[in-house]
Structure formats: C-alpha cells, structure tokens
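Below, all heavy atoms of this structure are taken into account, side chains as well, without hydrogens, waters or symmetry copies. Along the sequence shown, residues carry numbers from 1.
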Amino acid sequence: MINPYRFSDTNKRYYTVDYFFRNKFGCKVYKVPLDAGFTCPNIDGRCSYGGCTYCSGRGSGDFAADNRLSIEEQYAAGRKMMSEKWQGKCIPYFQAHTNTYAPEPVLRKLFCSALSLPDAVGLSIATRADCLEDDVVALLHEISRRTFLTVELGLQTVHDDTARRINRGHDFEAFLRGYEKLKGIDVCIHLINGLPGEDYDMMLKNATTVGALHPWGIKFHVLYIQKGTRMEKEYADGDITLPTLEEYTRIICDQLERIPEDIVIGRICGDAPQGELIAPAWSRKKLVVMNEIDKALTKRDSYQGKFV
C-alpha cells in the first residue's frame, strides 16, 4: 500500500521529528537530555508543593546524567551514550524540572554556553507556561533568532478538572497566556493520554484543541506509573486505570488523524527508566508500541491530518 502522507520518506504516516531534523540539517540529529539543577514552582511552594502527581523526583529528567556533573560533562556523557546508536549532530535539551525558573542572567549564561557545545545545532528548553517572565521571554526570542530553538511546554491536558486532580498547578487559560508570549518561537506541547478521569472523548479533545493552536510540535505520552511518585499509591489503591496497548493505539491514531499534517510529532509514546516503571508493562517495549501504531494507520489507510 502506497504511503499517502507527504511528510515521510519511510513507512511512517505522521510527521516524525527524525524526518524534520534530517530535512532541516541534512543528517541525523538527536537530543541530549540535561539537568541544570532547577526546581519547579509546583514543588517549592510558589503555586504548590509536591509536584504533579505523576512526576518523579528528577522532574521528568530521568534520562539526563547526574546533575552534580557540569553541563559540559553531562553533555559529553550523553553524546557518548547516544553515539553507540547514532552518528550525527546534537541538540542540548534542558529537560529536568522547569528550565526558565531562574533569573534571566543565570539563564542567559547557561543557554548561551550550551550553544557552543561540540556538534550542537540548536537548543531545546522544557518549561511551564506559567514560568515565562517578560525578560526571560525576550531572551528566548533572542536565542531563537540565533539558532534553532524549541521550547517544550508541558500542558498534559486542556481539562481543568484533570489538571487539579494531578496537581498541575495552573489551568488552561494560564497555559494559553504563556503560549501567546512565545509566538514566533517553535513550541512543542506535551500531552498525556490516560490521565485519571479522562475518557476517549476528553483525550480526543486534548489533541484537537492543541492542534487548533498549531504549534511547531506535539509530544504524546502514555500515562505510566513510576516508583516514588504520588500516583504510585493511587494506582496501588485502584484509583487509576491505565489504557491497554490496543486502547492507546486507537486513541493515538484517532488523535493523529485530527491534527494538522504539518505539526511535528516529537514523541508518540513515553517510557520510564528501566527499573522505575510500575505500569503499564507494555510501555517498556517502545518499538512494539510504535509498530502497532504504524500497522493500525496502514490498516486504516490513514495518516496524520486525514480529517482536518
């Protein structure tokens, strides 16, 4: 069956970040996760304590090197590990916790030094939409004029009831205010499928609402329960039901069909570090998950943006 999707030179029927990078830079590009030692307003009390209920102690930076190492040392360690699988250029990725939650001079020094790391062709900064002070936003716009910059915004859900339940610390309106400040910068928005209390229609609305914002990219994650999180107890108590692989495959395909074809898909599923995952067990096999999505789209003769 011929692949009808135009942003692909493989069997993928959605706009992979790998395809985007190869076409932009002419080579393989991979992100090297970094932990700059920041915290989060949802942890230190500015808006709440304890963080989001799904969040690990490393603030979603579980794949970064030890933050007691310098950024240069973390980057070198990450490149060494990645080079065992791939050859290419790199994007330093400030992933752990909230990476705009510091004074502008601190961030300027950090981000500008990262741009000079070996083989770096851009920069990626993960943060929250409620941590975008005006001087920091001005810095981000300045950097985006100098290099390829993506700002990753954790939204997770457009539903405020869900956001309160997971202790997200801000509502959808606050997210939109932050997103508007970044207009002109490539933004990647994170969504989690399977959050407690969300059914199929709510998850579909998450995707269609974010698709209508037309960001540069979207990352899709499955909710997974990780050791040491507050959700670990909720799951043990039977308060959380996770999607099966079949259910996840269906919702991802339905979401992809309803978001514009030119939005880059930064991730199609998430995974926890080995030894940290409690459930769902199927999420350990990331290639299997991606293959199931590929097969389902082919069986449907479908692709990203089909119903937009």
Side-chain angles (χ1 to χ4, degrees), residues 31-52 54-78 90-117 120-156 163 167-171 174-190 215-217 219 266:
K31 295 166 76 172
V32 179
L34 303 171
D35 185 342
F38 293 123
T39 184
C40 173
N42 211 20
I43 292 175
D44 69 6
R46 190 179 104 173
C47 62
S48 186
Y49 292 98
C52 301
Y54 56 78
C55 199
S56 71
R58 293 205 64 188
S60 299
D62 301 277
F63 292 99
D66 192 324
N67 65 16
R68 290 173 293 185
L69 300 174
S70 69
I71 292 300
E72 291 76 14
E73 290 170 324
Q74 290 184 47
Y75 183 75
C90 307
I91 291 181
Y93 177 25
F94 290 93
Q95 182 182 31
H97 292 293
T98 304
N99 292 282
T100 58
Y101 194 41
E104 190 270 356
V106 173
L107 297 175
R108 177 178 291 276
K109 182 178 179 181
L110 178 70
F111 297 154
C112 291
S113 64
L115 293 176
S116 63
L117 290 167
V121 292
L123 195 63
S124 187
I125 299 167
T127 191
R128 293 165 56 94
D130 60 347
C131 285
L132 294 168
E133 300 297 335
D134 290 345
D135 57 349
V136 173
V137 171
L139 171 63
L140 295 175
H141 280 282
E142 177 187 325
I143 292 172
S144 73
R145 292 190 290 269
R146 293 175 52 189
T147 191
F148 174 70
L149 171 69
T150 56
V151 175
E152 302 210 2
L153 288 182
L155 171 59
Q156 322 313 356
N167 197 43
R168 185 67 193 141
H170 66 67
D171 59 16
F175 173 86
L176 291 175
R177 289 194 295 272
Y179 180 74
E180 183 65 23
K181 288 184 177 184
L182 297 175
K183 185 171 289 187
I185 295 175
D186 289 335
V187 173
C188 183
I189 299 175
H190 292 216
W216 170 82
K219 276 187 176 180

Once you round to the nearest 0.5 Å, how far does OG1 of T100 lie from CG of L140?
7.0 Å

Under 4.5 Å between any side-chain heavy atoms of R46 and C40, yes or no?
no

Mind checking whether L155 and H190 have side chains closer than 4.5 Å, heavy atoms only?
no

Note: C131 and Y101 closest approach over all heavy atoms is SG-CD1, 4.0 Å

Write down the atom of L132, the atom of T127, and the distance for their closest heavy-atom approach.
CD2-CG2, 4.2 Å

Kindly write out the residues that satisfy salt bridge (charged side-chain N to carboxylate O under 4.0 Å, His left out) with D130, not counting sequence neighbours, or none if the list is empty.
R128

In short, G154 meets R168 closest at the heavy-atom pair O-NH2, 2.6 Å

Nearest non-hydrogen partners of A36 and L110, listed with the distance
CB-CD2, 3.8 Å

Under the ring-ring contact (aromatic ring centres under 6.0 Å, His included) rule, collect the residues that match up with H170, sequence neighbours excluded.
none

Output all residues satisfying side chain to side chain contact (heavy atoms under 4.5 Å, CB included) with A114, sequence neighbours left out; order by chain, then residue number.
P92, F94, L117, L123

Can you check whether T39 reaches T98 side chain to side chain, under 4.5 Å on heavy atoms?
no

Check against side chain to side chain contact (heavy atoms under 4.5 Å, CB included), D35 and Q74
CA-CA 8 Å; D35 185 342; Q74 290 184 47; 3.8 Å; yes

Between the CG atom in L139 and the SG atom in C112, the distance rounded to the nearest 0.5 Å is 6.5 Å

Are side-chain heavy atoms of S70 and Y75 found at a separation under 4.5 Å?
no

Whether the side chain of N42 engages the backbone of N167 through a donor-acceptor N/O pair (distance < 3.5 Å, no angle test) should be reported.
yes

For K31, which residues count as a side chain to side chain contact (heavy atoms under 4.5 Å, CB included) partner, sequence neighbours excluded?
I91, Y93, S124, E152, K219

Tell me the salt bridge (charged side-chain N to carboxylate O under 4.0 Å, His left out) pairs involving residues 105-117, sequence neighbours left out?
E104-R108, R108-E142

Minimum heavy-atom separation for H97 to F38, with atom names?
CD2-O, 3.2 Å

Looking at residues at least two apart in the chain, or sitting in another chain, which of them share a side chain to side chain contact (heavy atoms under 4.5 Å, CB included) with R177?
E173, A174

Atom CG in L115, atom OG1 in T147: separation rounded to 0.5 Å?
5.5 Å

Contacts of D135 meeting side chain to side chain donor-acceptor pair (under 3.5 Å) (sequence neighbours excluded), chain-then-number -> none

Checking C52 against Q156 for the side chain to side chain contact (heavy atoms under 4.5 Å, CB included) test, could you report, in this order, the C-alpha distance in whole Å, the side-chain angles of both residues, the deciding distance, and whether it holds?
CA-CA 11 Å; C52 301; Q156 322 313 356; over 6 Å; no

Nearest heavy atoms of A129 and L153, plus distance in Å
N-CD2, 3.9 Å

Residues that D186 engages under side chain to side chain contact (heavy atoms under 4.5 Å, CB included), provided they are two or more places apart
F148, T150, W216

The reported gap from CD1 in I125 to OG in S144 (rounded to nearest 0.5 angstrom) is 10.0 Å

